[in-house]
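Just below is one structure, and these are the notes that go with it.
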Amino acid sequence: MVASTVSNEILSPVTPSRLWKAVVKDSHNLMPKLMPDIISSIVILEGNGGIGTIRQSNFTSAIKDFSYWKDRVEAIDDEKRVFKYSVIEGGLIGKKVKSTLFELKFEDGADGGSVCKFKGEYETIEDSLPTEAETTEMMGSMVGMFKAIEGYLIANPDVYV
């Protein structure tokens, strides 16, 4: 087993509060609408969005390696806009990785925009790290989902205000 971290920062013209509401508070409703070719549904199985909440994300056949994953909210701080969750079942759990922990943080940026920080910590099953291509794909998927929400918020300035 090998532990590693991947991270990324994205500058966005959208305010941190709007991104927080869309990405963290309402992604279970928003993501299937914005990315129906990839995400068929996100269902809250337990909880009310706070720590311990378990959600199941169901994917379309466009995702070849798995059809769903379940994640659990590990930490949520509305004031500091920090959200942590772990994938506990499905996805690459048990196939390539033993555990994952993701952190999203939304900070004030220049000109009223945001600095969005993504970090993923994971432990592999085998004694090797993912290839650079696999790591790039992992971060690319997160960035792609973020950009879909950002585009929606820019096109709809009156939502999540």
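As a basis for the values below, the full set of heavy atoms in this structure was taken, side chains included, without hydrogen atoms, waters or symmetry mates.
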Tyr122 and Phe102: ring pair (Phe, Tyr, Trp, His ring centres under 6.0 Å), yes or no, with the steps?
CA-CA 9 Å; Tyr122 59 92; Phe102 295 99; 8.5 Å; no
Do Leu101 and Glu74 have side chains that get closer than 4.5 Å, going by heavy atoms?
yes
Ring center gap for Tyr85 and Phe83 short of 6.0 angstrom:
yes
Check whether more than 12 heavy atoms from other residues, nucleotides or ligands sit under 6.0 Å from atom CD of Glu107, and answer yes or no.
yes
For Lys95, is the NZ atom crowded, meaning more than 12 foreign heavy atoms sit under 6.0 Å from it?
yes
Using side-chain heavy atoms (C-beta onward) and a distance below 4.5 Å, is Gln56 in contact with Asn58?
yes
Using a side-chain heavy atom cutoff under 4.5 Å and only I, L, V, M, F, W and Y, what cluster partners does Val43 have?
Leu45, Ile54, Ile88
Under a 3.5 Å cutoff, is there a donor and acceptor pairing between the side chains of Ser17 and Arg81?
no
Using distance only, find each side-chain donor-acceptor pair of residues 153-161 under 3.5 Å and give its atom names and separation, not counting sequence neighbours.
from   : atom 1 : to     : atom 2 : distance (Å)
Asn156 : ND2    : Tyr152 : O      : 2.9
Tyr160 : OH     : Asp26  : OD2    : 2.5

Would you indicate whether the side-chain heavy atoms of Leu11 and Ser114 approach each other to under 4.5 Å?
no
Nearest heavy-atom neighbours spanning Gly113 and Pro16:
O-CD, 3.5 Å
Are the aromatic ring centres of Phe59 and Tyr68 under 6.0 angstrom apart?
no
Take the angle between the ring planes of Phe106 and Phe146 and call it parallel below 30°, perpendicular above 60°, tilted in between.
parallel
With a 3.5 Å distance limit and no angle check, can you tell me whether Thr124 reaches the backbone of Val2 through a side-chain donor-acceptor pair?
yes
Search all heavy atoms of Leu30 against all heavy atoms of Ala22 and return the closest pair with its distance.
CD2-CB, 3.8 Å
